[in-house]
Amino acid sequence: ATHGSVVRATLFPGDGIGPEISASVKQVFDAAGVPIEWEEHEVGKEVDPRTGSFITFDSMESVRRNGIGLKGPMTTPIGKGFRSLNLTLRKELGLYANVRPCMSIPGYKTRYDNVNLVTIRENTEGEYSGLEHQVVKGVVESIKIITRHASLRVAEYAFHYAKTNNRQRVSAIHKANIMKKTDGLFLKCCREVAEKYPDIVYEEVVIDNCCMMLVRNPSLFDVLVMPNLYGDIISDLCAGLIGGLGLTPSCNIGDKGLCLAEAVHGTAPTIAGQNKANPTALLLSSVMMLRHLGMNEQAERIHKSILKTIQEAKYLTGDLGGHSTTSDYTKAVCDNL
Ligand code: NAD
């Protein structure tokens, strides 16, 4: 959504620590002079009949119109008669791929120093198609759907991502030795797309072997693409390799190249409103958003300044073992720009 030279982007500050970490992103973008104009949207207080959820129709329209957005964590309301917030966003915006880069953060010590991989998860079908029923008492069935359409779409995105982000290899993760038809079709689609990208190495790795390789030596991987359930599990495993959900950004890719970036963590209710939250994951998500828009220079500057602030270790929030507030950390990131 370009408006002059300024790009309009939708911002959902979200709940809990959401508003605090969103404020941090706004502050850093201002300091870096990023030409983004935010359209802020709160989650509604009641169900909007047009979306069947607390997310309003106007909010949906805003993301569709802008094609780009950033989302803070949202509290999942409990009750009957409406769709969950994340499900609504996924369905309404056709968010078919979830992308999570996992990179070691210099200065923040974890078991590995050399993690630099990206997981790309198919987000619409597979084991999470929601088709479960009881056959007879004591016997239930869950149906895994794999389609050529959705598999090609996510494979295309994985190779496109690899190419545009200077990555060398794509690994398709599967269990086609057992699930010959479903995972077999997923692999067939990945192979078809791989042929169009001769410069990118393509390999297939069985999920169980993939887990062992990841925990022994994560640098064996570059870009991983996989069906829904495997992606759900492997992407959290990878977040664990670099220090947990508080540092992990993500973005969701939808219809017509739409991109909705979001931190992986939740609303952290116990520290909400206390200026204690670590805004790094949302900041890194906003960097993904900028890269998606092709604003690589600003993305790089902000990214480097976040890494520098963490490496200097003078202004770290509690979750990283420091004593700084969200605002002090944010100020340090701005000063390092
Ligand atoms: P959580 O991620 O909110 O918290 C897990 C732990 O990590 C807590 O100790 C929390 O204090 C800490 N933490 C998380 N983010 C942090 C940050 N940025 N800085 C410092 N510490 C951080 O997970 P939860 O407690 O299971 O869920 C709380 C709420 O969040 C629930 O209502 C859940 O539905 C919601 N949730 C939303 C999303 C989303 O909108 N994408 C994702 C997960 C959970």
Side-chain angles (χ1 to χ4, degrees), residues 10-28 41-44 51 53-55 59-60 63 69-79 82-93 95 97-100 102 105 108 110 119 121 123 128 231-233 235-236 238-240 242-254 259-289 306 309-310 313 315-330 332-333:
T10 308
L11 174 66
F12 293 103
D15 309 305
I17 58 170
E20 298 163 74
I21 58 178
S22 300
S24 167
V25 172
K26 286 191 276 185
Q27 203 177 323
V28 172
H41 282 260
E42 300 293 333
V43 175
T51 62
S53 141
F54 287 85
I55 297 193
S59 299
M60 286 293 119
V63 190
L70 181 67
K71 170 184 170 290
M74 295 172 177
T75 306
T76 307
I78 298 170
F82 53 84
R83 286 199 291 191
S84 95
L85 303 177
N86 289 327
L87 184 72
T88 306
L89 288 165
R90 206 187 73 216
K91 292 263 176 193
E92 296 276 327
L93 304 174
L95 304 174
N98 180 260
V99 184
R100 279 200 207 174
C102 280
I105 300 198
Y108 182 64
T110 62
T119 60
R121 162 187 177 187
N123 216 11
Y128 293 0
D232 193 4
I233 298 166
S235 57
D236 268 25
C238 292
I242 59 146
L245 301 179
L247 294 170
T248 313
S250 83
C251 80
N252 300 286
I253 301 299
C259 167
L260 183 64
E262 64 171 331
V264 168
H265 61 73
T267 56
T270 56
I271 58 165
Q274 297 167 39
N275 205 11
K276 282 183 181 165
N278 183 357
T280 304
L282 196 68
L283 278 167
L284 291 173
S285 305
S286 74
V287 166
M288 288 185 82
M289 193 189 97
I306 295 167
T309 309
I310 296 179
Y315 299 99
L316 296 181
T317 47
D319 60 311
L320 296 187
H323 302 284
S324 287
T325 60
T326 311
S327 0
D328 287 344
Y329 172 81
T330 306
V333 173

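As the structure lists them, so they are numbered: ligands from 1, and atoms in each ligand from 1.
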Tell me which part of [X] gets within contact of ligand 1: side chain, backbone, both or neither, using heavy atoms under 4.0 Å.
| X | answer |
| --- | --- |
| Thr267 | both |
| Glu262 | side chain |
| Thr280 | neither |
| Ile271 | side chain |

Any protein heavy atom under 4.0 Å from [atom]?
| atom | value |
| --- | --- |
| atom 24 (P) of ligand 1 | no |
| atom 28 (C) of ligand 1 | yes |
| atom 5 (C) of ligand 1 | no |
| atom 41 (N) of ligand 1 | yes |
| atom 9 (O) of ligand 1 | no |

Query raised in the report: Leu247 and Leu320: side chain to side chain contact (heavy atoms under 4.5 Å, CB included), yes or no, with the steps?
Result: CA-CA 10 Å; Leu247 294 170; Leu320 296 187; 4.1 Å; yes
Query raised in the report: Can Lys71 be said to touch ligand 1, with heavy atoms closer than 4.0 Å?
Result: yes
Report task. Return yes when Ala281 approaches ligand 1 closer than 4.0 angstrom through a heavy atom, no otherwise. Result -> no
Query raised in the report: Can you tell me which residue and heavy atom of the protein come closest to atom 33 (C) of ligand 1, and the distance to 0.1 Å?
Result: Thr76 OG1, 4.4 Å
Report summary line: atom 16 (C) of ligand 1 has as its nearest protein heavy atom Ile17 CD1, 4.0 Å
Suppose I only count heavy atoms of [X] and a 4.0 Å limit; which atoms of ligand 1 are within that range?
| X | answer |
| --- | --- |
| Thr75 | 32 (O) |
| Asn278 | 17 (C), 18 (N), 19 (N), 20 (C) |
| Met74 | 35 (C), 36 (N), 37 (C), 39 (C), 40 (O) |
| Pro269 | 28 (C) |

Going by atom types alone, do [X] and [Y] pair a side-chain donor with an acceptor below 3.5 Å?
| X | Y | value |
| --- | --- | --- |
| Asn98 | Asn252 | yes |
| Ser235 | Thr119 | no |
| Asn86 | Lys91 | no |
| Asn123 | Tyr128 | no |

Query raised in the report: Does CZ in Phe54 sit with more than 12 non-hydrogen atoms of other residues, nucleotides or ligands closer than 6.0 Å?
Result: yes
**Report entry** Best match, Gly246, Gly266, Ala263, Ala268: closest heavy atom to atom 11 (O) of ligand 1
**Finding:** Ala268
Report task. Inspect the contact between Glu262 and Arg100 and indicate whether a charged nitrogen and a carboxylate oxygen are less than 4.0 angstrom apart. Result -> no
Query raised in the report: Looking at Asn278, Thr317, Thr280, Thr309, which one forms a side-chain hydrogen bond (donor to acceptor under 3.5 Å, both in side chains) with Tyr329?
Result: Thr280
Requested in this report: Apply side chain to side chain contact (heavy atoms under 4.5 Å, CB included) to Leu89 and Lys71, showing your working.
Outcome: CA-CA 11 Å; Leu89 288 165; Lys71 170 184 170 290; 3.5 Å; yes
Report summary line: Correct closest heavy-atom pair for Thr75 and Asp15 would be N-OD2, 2.7 Å
Requested in this report: Return the minimal non-hydrogen interatomic distance between Gly69 and Met289, and the atom names on each side.
Outcome: O-SD, 3.8 Å
Requested in this report: Return yes or no for this condition: an N or O of Lys276 is under 3.5 Å from an N or O of ligand 1.
Outcome: no
Query raised in the report: For Ile55, does its backbone N or O pair with a side-chain atom of Ser59 as donor and acceptor, under 3.5 Å?
Result: no
